[in-house]
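Basis for what follows: all heavy atoms, side chains included, without hydrogens, waters or symmetry-related copies. Counting convention: from 1, in listed order, for ligands and their atoms alike. We count residues from 1, following the sequence as given.
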Amino acid sequence: MSKNPPHDDDRSAGPRTERPKVRLYLEHPLGKGQHVDVSQDQAHYLLNVMRLRENDVVALFNGRDGEWAARLVDTGKKRATLRVESPTAPQQRPPDLWLLFAPIKKARTDFIVEKAVELGVARIQPVQTEFTNAERIRRDRLQAHAVEAAEQSGGTFVPEVAELESLRRVLARWPEGRVLWWADEGLAGGALAEPAPAPAAILIGPEGGFSPTERARLAALPFVRRLSLGPRILRADTAAVSALTLWQARHGDWGV
Ligand code: SAM
């Protein structure tokens with residue numbers, strides 16, 4: 001694989017032209033003329049699932065260098081090499097918004113990660129709370145979900161899914177200047193709080209909600225603001241999507 005660094009000039013993509021149907025995320029640096037060997041799984045996807053052949057074009061992105069059109073130039077039984085040709089979209093970064101959430105059942109946790117990537121977050125931090133249903137998460141699997149969501153939604157950025165950490169530890173090393181918007185089911189029906197601009201974070205609790213101790217701790221922290229999501233109690237996955245939407249509409253990159 002070529003190790004040439006990407007050139008700034010090559011990244012100044014103009015308006016989007018017709019885009020390849022297949023998009024792939026990879027770690028490799030991207031720049032004009034580079035040759036990229038994709039992984040065995042990606043080769044299988046390109047050749048056997050999508051039935052692409054030599055000379056077909058796919059879109060590549062790595063989270064840093066924007067999106068590039070790349071041509072299949074060499075294929076084997078379980079391998080494929082692409083030549084990077086031209087930029088198709090500039091690198092984008094979502095607003096500096098983190099999502100903290102307590103993992104719930106597997107399918108619903110997957111849903112939260114997928115929707116967070118689609119809606120636009122910079123980081124996803126699973127947190128263990130007193131009433132969290134899950135003791136462990138498969139971080140690599142959730143990160144793969146984040147990659148897939150970025151591939152499918154046309155994004156060029158993949159937020160990091162961090163390791164599961166206790167809410168207490170996350171709060172103890174909270175960065176200065178970042179407001180934590182706590183979706184507090186105890187406020188259900190209260191007035192909608194005004195979302196704080198970036199850098200910001202949203203905290204969603206588990207099915208059992210927050211414990212009295214956690215509620216007292218959160219309420220005492222100067223960087224925490226309480227958020228009501230309306231008069232009904234929402235499931236955690238609905239709450240995550242709603243809070244992210246509210247924030248994006250007010251301070252995000254949706255342009256509404
Ligand atoms: N078992 C809790 C109860 O009955 O009070 C409900 C927990 S709810 C299923 C999961 C999480 O979604 C909550 O911890 C909170 O973060 C968020 N949430 C749900 N409804 C909300 C609302 N109306 N306002 C603010 N946050 C809400």
Chemist: For R173, look at atom CZ and say whether over 12 heavy atoms of other residues, nucleotides or ligands are found less than 6.0 Å away.
Modeler: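 Yes - once you tally the heavy atoms of other residues, nucleotides and ligands closer than 6.0 Å, there are more than 12.
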
Chemist: Thinking salt bridges, do R93 and D253 make one under a 4.0 Å N-O criterion?
Modeler: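 Looking at D253 together with R93, the answer is no, because their closest N to O distance does not fall below 4.0 Å.
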
Chemist: Check whether any N or O atom of A236, backbone or side chain, sits under 3.5 Å from an N or O atom of ligand 1, and answer yes or no.
Modeler: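 Not met; the criterion fails.
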
Chemist: Does even one non-hydrogen atom of P206 get within less than 4.0 Å of ligand 1?
Modeler: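 The answer is yes, since P206 has a heavy atom less than 4.0 Å from ligand 1.
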
Chemist: Taking atom types as modelled, is there a side-chain donor on S166 or Q128 under 3.5 Å from an acceptor on the other?
Modeler: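 Q128 and S166 do not have a side-chain donor-acceptor pair below 3.5 Å.
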
Chemist: Is there a polar contact between ligand 1 and A183, counting only N or O atoms under 3.5 Å apart?
Modeler: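 Such a contact does occur with ligand 1.
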
Chemist: Does the ring centre of W174 sit less than 6.0 Å away from the ring centre of W98?
Modeler: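 Yes; W174 has its ring centre under 6.0 Å from that of W98.
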
Chemist: Among protein heavy atoms, which sits nearest to atom 2 (C) of ligand 1, and what does the distance come to when rounded to 0.1 Å?
Modeler: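 Going by distance alone, atom 2 (C) of ligand 1 is nearest to E207 O, 3.7 Å.
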
Chemist: Quick one: does L229 get an N or O within less than 3.5 Å of an N or O on ligand 1?
Modeler: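 Yes, L229 has an N/O under 3.5 Å of an N/O on ligand 1.
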
Chemist: Starting from atom 5 (O) of ligand 1, which protein heavy atom do you reach first, and at what distance in Å?
Modeler: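 Result for atom 5 (O) of ligand 1: E185 CG, 3.3 Å.
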
Chemist: Side chains of F210 and L218: closer than 4.5 Å at any heavy-atom pair?
Modeler: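 A side-chain contact under 4.5 Å exists here.
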
Chemist: For residues V22 and V57, determine if any side-chain heavy atom of one lies less than 4.5 Å from a side-chain heavy atom of the other.
Modeler: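 Not in contact.
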
Chemist: Polar-atom distance check: A239 versus ligand 1, any N or O pair below 3.5 Å?
Modeler: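 Among all N and O atoms of A239, none is under 3.5 Å from an N or O of ligand 1.
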
Chemist: Given that the side chain starts at C-beta and the backbone is N, CA, C, O, which of these parts of L227 lies under 4.0 Å from ligand 1, counting heavy atoms, or is it both or neither?
Modeler: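 The answer is the backbone.
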
Chemist: Has L187 got any heavy atom lying under 4.0 angstrom from an atom of ligand 1?
Modeler: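 No, that is not the case, since the closest heavy atom of the residue is not under 4.0 Å from the ligand.
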
Chemist: Cut-off 3.5 Å, side chains only: do T75 and E54 have a donor facing an acceptor?
Modeler: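 Yes.
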
Chemist: For ligand 1, which atoms have a heavy atom of D184 less than 4.0 angstrom away?
Modeler: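 Per the distance check, 24 (N), 25 (C), 26 (N).
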
Chemist: Can an N or O of R232 be found at a distance shorter than 3.5 Å from an N or O of ligand 1?
Modeler: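 Yes; at least one N/O pair falls below 3.5 Å.
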
Chemist: Looking at side-chain heavy atoms only, is the closest gap between L227 and W182 below 4.5 Å?
Modeler: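 SC-SC contact between L227 and W182 ruled out.
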
Chemist: Please say whether S228 places an N or O atom under 3.5 Å from an N or O atom belonging to ligand 1.
Modeler: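 The answer is no, given that S228 and ligand 1 share no N or O pair closer than 3.5 Å.
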
